[in-house]
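Here the structure is laid out as structure tokens; the discussion comes afterwards.
Computed from a prediction, not measured in an experiment: that's the story for all the values here.
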Number of protein chains: 2
Amino acid sequence: MVNDPGAVDATPARAPTIKDVAARAGVGIKTVSRVLNDEPNVRPEMRDRVLEAMASVEYRRNSMASSVRRRDQRTASIGLVVEDLANPFASQLTRVVQDHALRRRYLVLVGSSDGVAEREREIVGEFCSRRVDGLLVVPSGTDQSYLAAERERGTPVVFIDRPGKKITADAVVSENEIGVQQATEHLARHGHTRIGYLGDRQSVHTAERRLAGYRAAMTELDAEPDTGWVRTELTDASAAYRAATGMFQQDDAAPTAVVCGNNLITVGTLHALQALGLRETVAVVGFDDLDLADLLRPALTVITQDIEAIGERSADQLFTRLDNPGEEYARVSVPVRLVPRGSGEIPPPPHGEGE
Amino acid sequence: MVNDPGAVDATPARAPTIKDVAARAGVGIKTVSRVLNDEPNVRPEMRDRVLEAMASVEYRRNSMASSVRRRDQRTASIGLVVEDLANPFASQLTRVVQDHALRRRYLVLVGSSDGVAEREREIVGEFCSRRVDGLLVVPSGTDQSYLAAERERGTPVVFIDRPGKKITADAVVSENEIGVQQATEHLARHGHTRIGYLGDRQSVHTAERRLAGYRAAMTELDAEPDTGWVRTELTDASAAYRAATGMFQQDDAAPTAVVCGNNLITVGTLHALQALGLRETVAVVGFDDLDLADLLRPALTVITQDIEAIGERSADQLFTRLDNPGEEYARVSVPVRLVPRGSGEIPPPPHGEGE
DNA sequence: CGAGCTACTGACAACGTTGTCGACAACGTG
DNA sequence: CACGTTGTCGACAACGTTGTCAGTAGCTCG
């Protein structure tokens with residue numbers, strides 16, 4: 001079918017190379033290369049001839065070939081592995097990282113692991129095969145030791161959102177524990193003692209820290225939580241919906257306030273409260289902001305992570321490590337912020353408390 | 001495997017090549033290459049030796065070098081240019097495209113143009129310099145003719161969300177006009193005749209189509225809209241907030257329902273209605289879904305784009321064009337869907353209509 | 001005038017891979 | 001046995017670029 005004689009294919013569809021440019025400008029290929037890389041010792045007249053030739057054939061450097069040949073093999077790209085790019089946290093993070101990388105003329109490759117360890121490895125493998133200069137990873141699963149091999153071969157790694165397991169490396173994390181602790185104390189300050197917590201799988205580092213924050217606050221308040229007030233292992237909104245429904249249907253023992261461990265859980269919980277007609281009765285603080293949080297009634301009180309800072313710090317960390325590899329590994333903590341909007345300031349019902 | 005923390009610098013941080021693998025396996029480099037590419041005519045015994053050698057040095061193919069040498073220069077990557085990756089529409093689209101690309105073992109590079117034509121060109125240039133096999137572009141500005149050059153050199157282009165200007169090419173777009181027309185008719189069916197419209201810049205193709213849908217519906221309803229009922233050129237939520245505030249403060253001439261041309265405008269409008277205490281009085285239909293739309297009260301009625309379909313169709317379109325370049329350019333229309341949730345079903349106030 | 005510099009230029013090797021081709025062995029066929 | 005065929009393998013060239021180095025011209029300096 002390719003041998004169709006009728007096919008009009010005058011253009012060989014081949015991209016021009018420095019050879020073409022050199023021929024057209026009547027110079028050697030090295031001179032073209034020099035102009036391309038802004039190297040010194042090129043007569044301005046020559047430079048102009050080359051630039052003109054480049055423009056006339058619409059030359060585009062082949063950066064593949066370039067980085068194969070380069071001494072340092074640098075590709076001016078970094079890889080970012082997130083859980084799910086469709087999640088606002090991930091996409092905003094990606095955007096921030098891209099902007100910071102772009103400032104140094106770096107490109108960012110992104111992949112979604114869906115929280116599956118094997119996918120994470122595949123994506124990392126793919127990135128390394130493209131010889132990214134560094135990796136930013138939101139780690140999943142129980143073992144990131146495989147990254148040590150990549151690091152030894154010259155690809156530094158910075159973990160984001162939670163530290164990698166079975167490996168020491170740079171990490172940029174939010175102050176999860178402090179955030180949830182503050183949220184719980186915030187509810188307590190508004191009169192609550194019966195405070196519940198809904199969280200993700202304890203195997204996820206952030207979830208574990210957040211629950212710890214809740215526990216710390218409760219202990220400090222001398223309010224030993226009822227076992228029915230804490231539910232974990234909630235992996236999505238519908239699981240949270242069911243858990244919240246169960247929690248608030250306990251007639252006598254239901255909490256009067258609840259902290260939600262992440263935004264999916266917040267959404268599920270709000271739906272549950274809506275269905276039970278308790279939206280204006282039960283106080284809610286969510287972890288992670290939501291787009292329309294301030295349009296809800298009552299508007300949603302949240303603990304927000306500083307995504308801007310997380311992205312910036314992790315990109316910076318990676319670039320400094322690229323520049324000087326020998327340094328000690330650092331763990332960077334990024335503060336979180338409580339944003340009161342209404343739902344977290346609902347007082348407990350006036351009638352006497354049980355327990 | 002190697003748990004020796006004392007062994008430092010045995011490896012000079014150089015990634016192993018097929019040469020290393022070949023030496024270790026005691027075979028020629030070509031045989032390694034054959035194993036790598038699953039080419040036939042390799043004795044199973046040889047294959048095993050090579051695979052073992054690869055594993056023992058943790059070999060990772062250098063796909064840069066590979067695509068430089070390959071006959072077709074294919075890099076197994078495509079470039080996607082969106083307006084802003086932090087926007088849910090863009091990030092969901094990216095996710096869908098990535099999933100579809102991954103199925104064919106393609107990687108997706110993403111860039112945010114911020115709607116700036118020059119940024120778009122820069123990103124496209126960067127992608128082409130990395131020799132992506134194809135481009136998916138949400139076009140900005142008034143001229144995409146520069147892409148013709150890339151196409152002639154073998155990089156096909158598919159436009160998403162709106163067609164490129166000053167160039168004919170494949171495009172995958174939503175049925176914007178029909179969507180807004182249906183939204184307007186939906187409001188009319190619920191008794192409204194005084195229906196307003198808030199839209200983005202008319203220079204944006206989708207915004208232009210959407211306003212056309214509104215106009216078509218209004219004409220069909222014999223309801224010539226008051227000039228105060230249509231505001232365009234709203235570029236962000238705060239502009240929409242001001243426009244909506246102005247629109248609904250016209251005591252006598254205010255509309256009883258409004259269609260919002262995109263999700264930023266919807267957010268601004270909802271804030272304005274909230275501030276004016278009209279949330280439960282004025283009917284609202286938004287274009288594009290919002291994360292918490294169903295948690296609002298009244299829940300938000302929207303026209304949603306089928307992002308899944310858009311991503312899938314555009315990826316498919318690009319891949320078919322990669323496989324057989326000669327085809328006619330196609331414009332694919334993806335249907336939109338009206339999701340009634342409450343805010344679009346609010347009836348007009350009972351007292352007599354003006355006009 | 002020659003020696004020694006500096007600025008400039010291009011021929012050529014090299015990067016890690018894939019494409020081409022020829023060598024060689026094992027096989028079936030006549 | 002001669003012969004072609006098939007399967008297997010590696011030496012080498014080539015991709016588009018950058019690194020090395022030698023060469024040339026023009027200059028200064030003694």
First of B:Pro40 and A:Ala65 reached from the 5' end of DNA chain D, by closest nucleotide |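 In this pair, the answer is B:Pro40.
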Whole Å only: how far is the [atom1] atom of [X] from the [atom2] atom of [N]?
| X | N | atom1 | atom2 | result |
| --- | --- | --- | --- | --- |
| A:Asp48 | C:dT9 | CG | C1' | 17 Å |
| A:Glu45 | C:dT9 | CD | P | 8 Å |
| B:Gln73 | C:dG19 | CD | P | 11 Å |
| A:Met54 | D:dT17 | CE | C1' | 12 Å |
| B:Arg70 | D:dA13 | CZ | P | 22 Å |
| A:Asn62 | D:dC15 | CG | C1' | 9 Å |
| B:Ile29 | D:dA13 | CD1 | C1' | 11 Å |
| B:Glu39 | C:dT17 | CD | C1' | 12 Å |

If only side-chain N and O atoms of [X] are considered, is one of them under 4.0 Å from the OP1 or OP2 phosphate oxygen of [N]?
| X | N | answer |
| --- | --- | --- |
| A:Asn41 | C:dT9 | no |
| B:Arg14 | C:dC15 | no |
| A:Arg71 | D:dT20 | yes |
| A:Ser33 | D:dT17 | no |
| B:Arg69 | C:dC15 | no |
| A:Tyr59 | D:dG16 | no |
| A:Arg43 | C:dT9 | yes |

Among the candidates D:dT17, C:dT18, D:dC9, find the nucleotide nearest to the side-chain atoms of B:Ser66.
->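 Per side-chain heavy atoms of B:Ser66, the pick is C:dT18.
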Closest to the A:Val42 side chain, choosing from C:dT9, D:dG10, C:dG16 =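 It is C:dT9.
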Show your working on side-chain contact (heavy atoms from CB on, under 4.5 Å) between A:Ile160 and A:Leu93 and close with a plain yes or no.
-> CA-CA 10 Å; A:Ile160 307 187; A:Leu93 178 70; 4.1 Å; yes
Nearest-nucleotide wise, let me know which of B:Asp72 and A:Val27 is further upstream toward the 5' end of DNA chain C.
->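 Nearest nucleotide further toward 5': that of A:Val27.
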Quick check: does any side chain N or O of B:Asp114 sit under 3.5 Å from a backbone N or O of B:Val116, one acting as donor and the other as acceptor?
->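 Not a single qualifying donor-acceptor pair exists.
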Would A:Arg130 and B:Leu107 satisfy side-chain contact (heavy atoms from CB on, under 4.5 Å), going step by step from the backbone distance to the final call?
-> CA-CA 10 Å; A:Arg130 310 218 174 211; B:Leu107 205 65; 3.5 Å; yes
For residues B:Glu150 and A:Glu58, determine if any side-chain heavy atom of one lies less than 4.5 Å from a side-chain heavy atom of the other.
->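 With C-beta onward as the side chain, the pair stays apart.
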Can you tell me if CZ on B:Arg313 sees more than 12 non-hydrogen neighbours from other groups inside 6.0 Å?
->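 Count not over threshold, so no.
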Would the base of [N] count as contacting [X] through its side chain, where contact means a donor and an acceptor less than 3.5 Å apart?
| X | N | result |
| --- | --- | --- |
| A:Arg34 | D:dG19 | no |
| B:Lys30 | C:dG19 | yes |
| B:Arg131 | D:dG16 | no |

Taking B:Phe159 as the fixed residue, which of B:Leu147, B:Leu135, B:Val81 is the one that meets the side-chain contact (heavy atoms from CB on, under 4.5 Å) rule?
->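 It is B:Leu147, the one option of B:Leu147, B:Leu135, B:Val81 that forms the side-chain contact (heavy atoms from CB on, under 4.5 Å) with B:Phe159.
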If you look at every strand shown and take non-hydrogen atoms under 4.0 Å, does A:Met46 touch a base, only sugar-phosphate, or nothing?
->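 Sugar-phosphate, no base atom in range.
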